[in-house]
Amino acid sequence: MAVRACGLIIYRRLQPAAPSKVADSIEYLLLQTSYGTHHWTPPKGHVDPGEDDLQTALRETQEEAGLQATQLTLVDGYKKELHYPVNGKPKTVVYWLAEMNDYNTEIKLSEEHQAFQWLKLEDACKFAEYEDMQAMLKDAHQFLCSRK
């Protein structure tokens, strides 16, 4: 059976941007793990018994980044799954897209992470070493830029 985890791709907009500048105004939140290879990832974690996937994503975001569900707005119509092996076992990670309600909200890291960055798409893809994560960030960005 595949390990299942859930998380949020969190973004913020720098300022109200003209439609032609939307792509340049978006930054994504990535957290650097304090274990293993210190990779960068959106907040995510394993599903606890009795939780649904979205509850897991919101709980993990609160635990890992100190962000409450009320500080975020889920983006309708965006949900993606990544599938990859971890230690020889299949893993599925479900991500939703969420916007910060207040650009200046403080990020409070748990012990699981040692740093965070707000990054524009190009830099976020450099920090996120895994190709499937880079592809998902690009897909989310395209989704956001195509919305009216």
Side-chain angles (χ1 to χ4, degrees), residues 1-15 17 21-48 51-69 71-147:
M1 172 141 161
V3 172
R4 190 168 185 85
C6 303
L8 296 179
I9 302 168
I10 298 172
Y11 71 97
R12 65 182 185 181
R13 294 181 190 270
L14 294 177
Q15 71 278 331
K21 300 284 187 202
V22 167
D24 293 335
S25 71
I26 298 171
E27 292 182 329
Y28 297 92
L29 176 66
L30 291 181
L31 312 178
Q32 186 181 34
T33 61
S34 53
Y35 57 85
T37 59
H38 303 297
H39 63 283
W40 292 83
T41 177
K44 70 175 187 318
H46 294 131
V47 178
D48 283 347
E51 267 184 337
D52 68 31
D53 289 350
L54 185 55
Q55 285 174 321
T56 299
L58 293 168
R59 176 183 53 77
E60 288 289 342
T61 298
Q62 197 265 319
E63 288 175 6
E64 295 184 357
L67 297 172
Q68 306 291 332
Q71 295 173 298
L72 303 164
T73 300
L74 282 176
V75 176
D76 285 338
Y78 193 90
K79 179 181 171 185
K80 292 287 181 210
E81 287 190 15
L82 296 183
H83 304 274
Y84 52 90
V86 175
N87 301 324
K89 294 186 175 127
K91 183 170 185 174
T92 298
V93 185
V94 183
Y95 284 102
W96 287 264
L97 192 52
E99 182 173 12
M100 295 287 297
N101 294 335
D102 177 357
Y103 174 86
N104 293 311
T105 300
E106 182 184 359
I107 304 300
K108 297 177 189 124
L109 295 177
S110 72
E111 292 179 2
E112 291 180 56
H113 296 89
Q114 62 187 12
F116 73 91
Q117 293 269 345
W118 285 104
L119 301 159
K120 295 203 174 181
L121 179 63
E122 185 178 336
D123 288 329
C125 287
K126 287 177 188 167
F127 276 68
E129 301 159 34
Y130 299 104
E131 284 184 26
D132 55 355
M133 177 57 68
Q134 294 169 352
M136 188 176 61
L137 286 167
K138 290 174 185 172
D139 182 67
H141 195 74
Q142 177 132 23
F143 181 85
L144 290 172
C145 291
S146 69
R147 295 174 78 215

Original post:
When you look at CD of Gln114, are more than 12 heavy atoms from neighbouring residues, nucleotides or ligands closer to it than 6.0 Å?
Top reply: yes
Subject >> SB check Asp53 Arg4 (cutoff 4.0 Å) >> reply: yes
Subject >> Other residues, nucleotides, ligands: >12 heavy atoms within 6.0 Å of Asp76 CG >> reply: no
Subject >> Straight-line distance of Leu137 CG to Lys126 NZ, nearest 0.5 Å >> reply: 14.0 Å
Subject >> Note, Leu67 side chain near Lys108 side chain (heavy atom, < 4.5 Å) >> reply: no
Subject >> Intermediate values then yes/no, side-chain contact (heavy atoms from CB on, under 4.5 Å), Ile26 and Lys120 >> reply: CA-CA 6 Å; Ile26 298 171; Lys120 295 203 174 181; over 6 Å; no
Subject >> Shortest non-hydrogen separation from Thr56 to Gly45 and the atoms involved >> reply: CG2-O, 3.5 Å
Subject >> Straight-line distance of His39 NE2 to Thr33 OG1, nearest 0.5 Å >> reply: 4.5 Å
Subject >> Close side-chain approach of Glu63 and Ser110, heavy atoms under 4.5 Å >> reply: no
Subject >> Within-4.5 Å side-chain heavy-atom neighbours: Gln71 and Asp102 >> reply: no
**OP:** Can you see which heavy atom on Trp118 is nearest to which on Glu27, and at what distance?
**Re:** CB-OE1, 3.5 Å
**OP:** Look only at the side chain of Ser34 and the backbone of Glu111, and say whether a donor-acceptor pair between them is shorter than 3.5 Å.
**Re:** yes
**OP:** Count the heavy atoms of every other residue, nucleotide or ligand shown that sit under 6.0 Å from CD of Gln68, and state whether that count exceeds 12.
**Re:** yes
Original post:
Under the ring-ring contact (aromatic ring centres under 6.0 Å, His included) test, which residues partner Tyr28, sequence neighbours left out?
Top reply: His141
**OP:** Could you check if a side-chain atom of Leu97 sits within less than 4.5 angstrom of a side-chain atom of Phe143, using non-hydrogen atoms only?
**Re:** yes
Original post:
Between atom CH2 of Trp40 and atom CG of Leu31, what is the distance when rounded to the nearest 0.5 Å?
Top reply: 8.0 Å
Original post:
Is it the case that more than 12 heavy atoms not belonging to Asn87 sit under 6.0 Å from its CG atom?
Top reply: no
**OP:** Grab the two heavy atoms, one from Cys125 and one from Lys138, that are nearest each other, plus how far apart they are.
**Re:** SG-CE, 3.7 Å
**OP:** Check whether any side-chain heavy atom of Lys79 lies under 4.5 Å from a side-chain heavy atom of Tyr95, and answer yes or no.
**Re:** no
**OP:** Output the distance between atom CD (Glu81) and atom NE2 (His83), rounded to the nearest 0.5 Å.
**Re:** 4.5 Å
Subject >> Approximate separation, where rounding is to 0.5 Å, of Gln134 CD and Glu129 CD >> reply: 9.0 Å
**OP:** Show your working on side-chain contact (heavy atoms from CB on, under 4.5 Å) between Leu30 and Phe116 and close with a plain yes or no.
**Re:** CA-CA 6 Å; Leu30 291 181; Phe116 73 91; over 6 Å; no
Subject >> Side-chain donor or acceptor of Gln32 paired with backbone N/O of His38 under 3.5 Å >> reply: yes
Subject >> Side chain proximity check, Tyr78 to Leu144, heavy atoms < 4.5 angstrom >> reply: no
Original post:
Is Glu51 salt-bridged to Arg59, going by a charged N under 4.0 Å from an acidic O?
Top reply: yes
**OP:** Could you check Leu29 against Tyr11 for side-chain contact (heavy atoms from CB on, under 4.5 Å), going step by step and ending with a plain yes or no?
**Re:** CA-CA 6 Å; Leu29 176 66; Tyr11 71 97; over 6 Å; no
Original post:
Do you know which two heavy atoms are closest between Leu74 and Ala98, and how far apart they sit?
Top reply: CD2-CB, 4.0 Å
**OP:** Kindly indicate, with the supporting measurements, whether the criterion side-chain contact (heavy atoms from CB on, under 4.5 Å) is fulfilled by Lys80 and Val94.
**Re:** CA-CA 6 Å; Lys80 292 287 181 210; Val94 183; over 6 Å; no
Subject >> Non-hydrogen atoms of Leu58 and Ala69 that approach each other most closely >> reply: CD2-CB, 4.0 Å
Subject >> CD1 on Ile9 to CD on Glu99, rounded to 0.5 Å >> reply: 13.5 Å
Original post:
Taking all non-hydrogen atoms of both residues, which atom of Trp96 and which atom of Cys6 are closest, and how far apart?
Top reply: CZ3-CB, 4.1 Å
**OP:** For the pair Lys44 and Glu60, find out whether any cationic side-chain nitrogen is under 4.0 Å from an anionic carboxylate oxygen.
**Re:** no
Original post:
Hey, are the side chains of Leu109 and Glu64 touching, using non-hydrogen atoms and a 4.5 Å cut-off?
Top reply: no
**OP:** List in chain and number order the residues that pass ring-ring contact (aromatic ring centres under 6.0 Å, His included) with Tyr84, two or more places apart in sequence or in another chain; answer none if no residue qualifies.
**Re:** none
